[in-house]
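Have a look at this one.
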Number of protein chains: 4
Amino acid sequence: MARPRSEDKHLALLRAATEVIAAQGLGASTASIAKLAGVAEGTLFRYFATKDVLLAAVFEHLIEAMEACFTVGYEANAPVKQRTLVMWNNYVDWGIAHPAAYATMNQLAVSAKLAPEQLEKAIKLCGDVGIRPEPAPFEGLSSAEASEFMDAVLTSIANTTIGLATVRPGLTGAYKAAGFEMMWQAITPH
Amino acid sequence: MARPRSEDKHLALLRAATEVIAAQGLGASTASIAKLAGVAEGTLFRYFATKDVLLAAVFEHLIEAMEACFTVGYEANAPVKQRTLVMWNNYVDWGIAHPAAYATMNQLAVSAKLAPEQLEKAIKLCGDVGIRPEPAPFEGLSSAEASEFMDAVLTSIANTTIGLATVRPGLTGAYKAAGFEMMWQAITPH
Amino acid sequence: MARPRSEDKHLALLRAATEVIAAQGLGASTASIAKLAGVAEGTLFRYFATKDVLLAAVFEHLIEAMEACFTVGYEANAPVKQRTLVMWNNYVDWGIAHPAAYATMNQLAVSAKLAPEQLEKAIKLCGDVGIRPEPAPFEGLSSAEASEFMDAVLTSIANTTIGLATVRPGLTGAYKAAGFEMMWQAITPH
Amino acid sequence: MARPRSEDKHLALLRAATEVIAAQGLGASTASIAKLAGVAEGTLFRYFATKDVLLAAVFEHLIEAMEACFTVGYEANAPVKQRTLVMWNNYVDWGIAHPAAYATMNQLAVSAKLAPEQLEKAIKLCGDVGIRPEPAPFEGLSSAEASEFMDAVLTSIANTTIGLATVRPGLTGAYKAAGFEMMWQAITPH
DNA sequence: AATGAATGAGACTTCATTCAT
DNA sequence: TATGAATGAAGTCTCATTCAT
């Protein structure tokens, strides 16, 4: 019967937090976030009980936003390399297109402010990105350990690609292609 | 600023900062750093005019410390792959052996608290790490651009290796070998 | 070697807190206390880590101040009633002379902000006030229980006396005498 | 202010306030009171314009509730001591039976949040409790002043009795009897 | 009349930096 | 030079009260 809670404000706060954190780091004040979102300082705490709760929600939101991009253009029947390429492009494109989101997500990922289960989710998502060939047999690593390592390498090359492409947007296409080639060589058994 | 008296205190502050920042992040208080260094709160500011100045000095110091490890075991006449392996091991071993230094360096590198020329230095160092084969010719990238990209990929795989090895110390040897293989495949022209 | 911590400020804060709490209750802000003490807001927290710590220290300080008045005029050889009268007067006079201290002490005593051992101390002090005849035998109460009850009654009558005397200062002398008589009748066995 | 609709809600708020204040002190939030009362935050302010107004109403309500207990078992023809005993028991029993109400009333009584005329009322009620012998003639006090003092003493002993009985419920009967004896001795002329 | 979202003042506390000793 | 007491701005969060629904 009262004014309903505004989905708009909820979203505005998440977006504002994403921008402000990208620019100023996790130390960004709740006041600056509220201001950018266009709400009063106190209002932020009606939507998120605590700054940490807000940060967790931002992470969740960014993960979901990213996830949503991943299915685009994906075809289950295509050969492995092509499917991997689609995912690669989706991920890299997302990172380049949303630099604030990308930066904030990275800051949160290394911040020790997230619950373990949230990081799990993110790691699992990264695993999904890695449609890739059978894990190469590495001396001293089980198949699962090798898989995990390869996924991590895949992700780190993608991040490197995003980083450079953001700095030199003109070379985005070339970076994406070259990055994919390097990544593919890295994780293909020889 | 005249060079302050005690070289000991200068160093103690840098080390204390490294430890405290690794543990608590860049928000760590100057008071806690001074305390761990065994000096008074105010003394810190006689050695470093500002917290940001201290942070920059910490970064500089860590870069130098790392650099010092790089020449170990290096032989100019050995074949490329072997020389690269030596550097690889030096870097990865350093990261694993000095987790606080490694963590703090990474925090600083992404913190927007560093002057551009400092980051340059770090990037250049990473370039030096990369004793590696001739850059592969990538469509749309100049030789210098390809070089830079390959160096960045090399570094990112090394960091991934350090990260996993730190989490699972028992597999350090296997990670180092597998990581090197993947990296080498990635940056070798095919 | 640095400026020594000021005993003056420590005391000024305790006194300011006593005054402000007497006037505004335990909800009084630390800012108002610091202001009345003539120090910066932050300074308060150098002397007392927390508002609760300050409150506990205020209580302690008031108890000690009160204790200090109790030995005045006390003669161990005098008859019981006379010794009791001396204590009675000391206590009542103190309460009347320091209304803010008296009010603040009472507020703190009922505030659930004090550690149990602090209340113990206060209760023990009240017991000391009660130089009084042998406990009367009350049906269903052990000697210790009767003692405790009598002390409590003694204190409550003293407090009542202080309260009325503060409201009507002109009658202080009469209240003190009448209060003592009533108290004495109450706790003397019949 | 037009009389609000629901007598139920009015009462629920008064009761909720009594409970919450007993548990958390006068700093208890209006939100928590509204919640316990089962109404919305804003609704509270339709019944009580201000938090202070609510507090005053709570006090009033408790005084009335207490008053209602006083006539129980009272017989105008009985001897004085017996009539006094009836009142004594009524008061003490009420305090023990309604600890939240009793605690809240005391908190309010010392809070400086009440208008003088309200305290008057409370004091007058305490006077009514004191069916008691003729005031003793005390040096320097008029008959009215002595009366007032004796009433105050009577009340304070009753409160002491309630306090101890609440802490040690097993001794309630003994405390009540002993308390009455002490009180009676105190206020009987000798 | 009732609701609860929104507000912003103000509470407690931390901290980089200054400065008296 | 070294110290650590002092400062006050700024941060997170709470809450009485207002107001759109």
Side-chain angles (χ1 to χ4, degrees), chain A residues 1-10 27-35 37-54, chain B residues 2-6 9 27-35 38-55, chain C residues 1-10 27-35 37-54, chain D residues 2-6 9 27-35 38-55:
Chain A
M1 217 183 283
R3 207 174 337 176
R5 186 173 289 203
S6 157
E7 190 54 38
D8 278 4
K9 286 192 176 105
H10 185 89
S29 74
T30 52
S32 66
I33 293 170
K35 189 174 180 184
V39 305
E41 285 186 48
T43 301
L44 186 153
F45 293 95
R46 280 204 148 251
Y47 286 84
F48 306 97
T50 275
K51 191 185 184 184
D52 282 359
V53 168
L54 169 62
Chain B
R3 187 62 175 280
R5 267 295 161 70
S6 160
K9 282 182 180 132
S29 73
T30 51
S32 65
I33 294 169
K35 187 176 180 186
V39 305
E41 288 181 47
T43 301
L44 185 152
F45 292 93
R46 297 192 64 76
Y47 288 82
F48 306 96
T50 272
K51 189 184 186 184
D52 283 356
V53 168
L54 168 63
L55 296 182
Chain C
M1 217 182 281
R3 208 175 334 179
R5 185 172 287 204
S6 154
E7 191 54 38
D8 278 6
K9 285 189 176 108
H10 186 89
S29 73
T30 51
S32 66
I33 294 169
K35 189 173 180 186
V39 304
E41 284 186 50
T43 301
L44 186 153
F45 292 95
R46 279 204 148 251
Y47 287 83
F48 306 98
T50 273
K51 190 185 184 183
D52 283 359
V53 168
L54 168 62
Chain D
R3 188 60 176 280
R5 266 297 163 67
S6 159
K9 284 185 179 130
S29 73
T30 52
S32 66
I33 293 169
K35 188 174 180 187
V39 305
E41 287 181 47
T43 301
L44 185 153
F45 292 93
R46 297 191 64 77
Y47 288 81
F48 307 96
T50 273
K51 190 184 185 184
D52 282 357
V53 168
L54 168 62
L55 296 182

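Only a predicted model underlies this, so the values are computations on that prediction, with no experimental measurement involved. Per chain, numbering begins at 1; letters A, B, ... match sequence-line order.
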For D:A40 and D:A34, which heavy atoms make the closest approach, and how far apart are they?
-> O-CB, 3.7 Å

How close do D:I33 and D:L44 get, heavy atom to heavy atom, and via which atoms?
-> CG2-CD1, 4.1 Å

With C:Y47 via ring-ring contact (aromatic ring centres under 6.0 Å, His included) - residues at least two apart = none

With sequence neighbours left out, what residues match C:T43 under side chain to side chain donor-acceptor pair (under 3.5 Å)?
-> none

Measure the distance from CD1 on B:I33 to C1' on F:dG4 and round it to the nearest whole Å.
-> 17 Å

Summarise protein proximity over nucleotides 6-13 of chain E in one line of letters, 5' to 3': B for base, S for sugar-phosphate only, - for none, counting protein heavy atoms closer than 4.0 Å.
-> BBB--SSB

For DNA chain F, write out the stems as range with range, using runs of 3 or more consecutive Watson-Crick or G-U pairs with both distances under 3.5 Å.
-> E:2-21 with F:2-21

Residue set satisfying side chain to side chain donor-acceptor pair (under 3.5 Å) with C:S29, at least two apart, ordered chain then number -> C:S32

Could you check how far CD of A:E7 sits from P of E:dA5, rounded to whole Å?
-> 13 Å

Could you grab the distance from atom NZ of D:K9 to atom OG of D:S6, nearest 0.5 Å is fine?
-> 5.0 Å

Quick one: salt bridge (Lys or Arg N to Asp or Glu O under 4.0 Å) pairs with a partner in residues 37-54 of chain A, sequence neighbours left out?
-> A:R46-D:E41, A:D52-A:K113

Excluding sequence neighbours, so at least two apart, what forms side chain to side chain contact (heavy atoms under 4.5 Å, CB included) with C:F48?
-> C:H10, C:L13, C:L14, C:V53, C:L54, C:A57

Separation of D:K35 atom NZ from E:dT3 atom P, in whole Å?
-> 15 Å

